[in-house]
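Small disclaimer: the values here were computed from a predicted structure and weren't measured.
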Amino acid sequence: DYEKAVEWYKKAAAQGKVEAQYHLGWCYQYGQGVTQDYEKAVEWYQKAAAQGNAAAQRRIEELQKKIEGKRVAQDEAKAVEWYQKAANQGDTDARNRIEKYKNNVEQGDAAAQNHLGWCYEYGKGVAQDDTKAVEWYQKSADQGHAAAQYHLGACYEEGKGVAQDDAKAVEWYQKAAAQGHVAAQYNLGGCYQYGQGVTKDYAKAVEWYQKAASQGDTDARNRIDELQKKQKEQKEQKEIEGYKKKAAQGDVEAQNYLGECYRNGKGVEKDDVKAVAWYQKAAEQGSARAQRALGECYEEGKGVAQDDAKAV
């Protein structure tokens, strides 16, 4: 539940907790539990970065590029708005520009349709209207315009102008991603990572993040590192489950291995008591390796009361 998570992140972030500040920035960046707001995302990332969080600094750099790109698009919409005002005052050149833009839209120009969708989504030069935004994105997307396909996917993911539908979001992200749209590739990676609209699949998530990363998306690179770590942990946990079954059947090597895992926190939470329990089982079967490890535990007082006599 992202809304509840945001509530707790805000409380912790206000107390200066760096991880909460970072996660709150992430929520604002991707509109999870709050309305998407790049400026607020940067604000919280900056607080985390000021406390030495390197990941937050990378996010700031990434978002500043996106904010600049959004500003350019806004400037274009603003230009249309001013052309309209000039045309209304009798400026022939401005009137011609407006008519040309309208004609492009009406004649099915995919790029113009996509831009008009963007204007409606953000209320630039027209009254804000998510339903009309989706209408124009759809017209453009149906012609194969990658950016429109991405925007349409985002509308379905967020439920803007349409009923929220993760499966539809994935459908349109896939179309845009297949054309090399970097943001769609990144979002598609997220869908596979979290199982939104598709079955959770870390391998496919990494595949799409890699495509985005190859185009310079640094956040995708960070996600790859995060997922590869999770994949390693999953592999270790799967191996441990296998060893537990063998150990329960009296396999000495498996018992020793589990003792080491619990002793060193490998694939499981470090637990000296459980480590001793497994070493004990192996030692009782005559394992010299387990007897030596058990002696060390008694000598150091880890998992058992310190006892030099038993250590010997």
Salt bridge (charged side-chain N to carboxylate O under 4.0 Å, His left out) pairs touching residues 130-142, sequence neighbours excluded, are none

Residues Lys270 and Asp272: closest non-hydrogen pair is NZ-OD1, 3.2 Å

CD of Glu269 to NZ of Lys274, rounded to nearest 0.5 Å, is 8.5 Å

Rounding to 0.5 Å, atoms CD (Glu299) and CG (Leu294) come to a distance of 12.0 Å

For Leu188, the other hydrophobic cluster members (4.5 Å side-chain criterion, sorted by chain and number) are Tyr150, Val170, Tyr173, Tyr192, Val198, Trp208

Less than 6.0 angstrom from the centroid, inside 45 degrees of the normal: does Lys302 satisfy that with respect to the ring of Tyr279? no

Applied to residues 214-252, the ring-ring contact (aromatic ring centres under 6.0 Å, His included) test, sequence neighbours excluded, yields Tyr243-Tyr257

**Q.** Donor-acceptor under 3.5 Å (Gln164 side chain, Glu158 main chain)
**A.** no

What's the verdict on side chain to side chain donor-acceptor pair (under 3.5 Å) for Gln255 and Gln285, showing C-alpha distance, side-chain angles and the deciding distance? CA-CA 10 Å; Gln255 291 170 342; Gln285 294 192 68; 3.0 Å; yes

Rounded to the nearest 0.5 Å, the SG atom of Cys297 sits from the CD atom of Gln280 at a distance of 10.0 Å

Heavy atoms of Tyr122 and Gln128 approach each other most closely as C-CG, 4.1 Å

Q.
If you apply the rule salt bridge (charged side-chain N to carboxylate O under 4.0 Å, His left out), what do you find for Asp225 with Lys229, and how did you get there?
A. CA-CA 6 Å; Asp225 293 340; Lys229 181 180 178 181; over 6 Å; no

With a 3.5 Å cut-off and sequence neighbours excluded, list the donor-acceptor pairs that the side chains of residues 12-20 form with protein atoms.
none

Discussion item. Measuring centre to centre across the rings, with the benzene-like ring taken for any Trp, is Tyr22 within less than 6.0 Å of Trp26?
Written reply: no

### Task
Take the angle between the ring planes of Trp118 and His115 and call it parallel below 30°, perpendicular above 60°, tilted in between.
parallel

Distance col, row Gln174:CD vs Gln185:CD, nearest 0.5 angstrom, shows 12.0 Å

Taking Gly108's backbone N and O only, do any of them form a donor-acceptor pair with Gln143's side chain (distance below 3.5 Å, no angle check)? yes

Original post:
Going by atom types alone, do Asp166 and Tyr156 pair a side-chain donor with an acceptor below 3.5 Å?
Top reply: no

Smallest heavy-atom separation, Ala205 atom then Gly189 atom, equals CB-O, 3.3 Å

The complete set of salt bridge (charged side-chain N to carboxylate O under 4.0 Å, His left out) pairs with one or both residues in residues 283-294, sequence neighbours excluded, reads Glu253-Arg289, Glu260-Arg289

d(Lys244 NZ, Asp251 CG) to nearest 0.5 Å is 15.5 Å

Smallest heavy-atom separation, Arg221 atom then Gln228 atom, equals NH2-OE1, 4.2 Å

field: Side chains of Gln149 and Gln179 in contact at under 4.5 Å (non-hydrogen atoms)
entry: yes

Check whether any side-chain heavy atom of Lys238 lies under 4.5 Å from a side-chain heavy atom of Lys235, and answer yes or no.
-> no

message: Can a side-chain donor-acceptor contact be found between Glu3 and Gln32 if the only test is distance below 3.5 angstrom?
response: no

Decide, yes or no, whether a salt bridge links Arg263 with Glu296 under the criterion of side-chain N to carboxylate O below 4.0 Å. yes

- Item | Co-membership, hydrophobic cluster, residues Val276 and Val268, 4.5 Å side-chain | no

One should read off an interatomic distance between Leu258 CG and Lys246 NZ, to the nearest 0.5 angstrom, of 11.0 Å

Checklist entry - Do any N or O atoms from the side chain of Asn264 and from the backbone of Lys266 form a donor-acceptor pair under 3.5 angstrom? => result no

Applying side-chain hydrogen bond (donor to acceptor under 3.5 Å, both in side chains) to Asp271 and not counting sequence neighbours gives none

Review point. With a 4.5 Å heavy-atom cut-off, do Gln193 and Tyr202 have their side chains touching?
Key: yes

Residues Ala247 and Trp278: closest non-hydrogen pair is CB-CZ3, 3.4 Å

Side chains of Ser287 and Asn256: does their closest heavy-atom pair fall under 4.5 Å? yes

Hey, is the main chain of Tyr137 close enough, under 3.5 Å, to the side chain of Ser140 for a donor-acceptor pair?
no

Establish, from distance only, whether the side-chain atoms of Gln138 and Gln113 form a donor-acceptor pair under 3.5 Å. no

Task: Close side-chain approach of Asp219 to Tyr186, heavy-atom, < 4.5 Å - done: yes

Shortest non-hydrogen pair, Asn114 vs His151, comes out as OD1-CD2, 3.3 Å

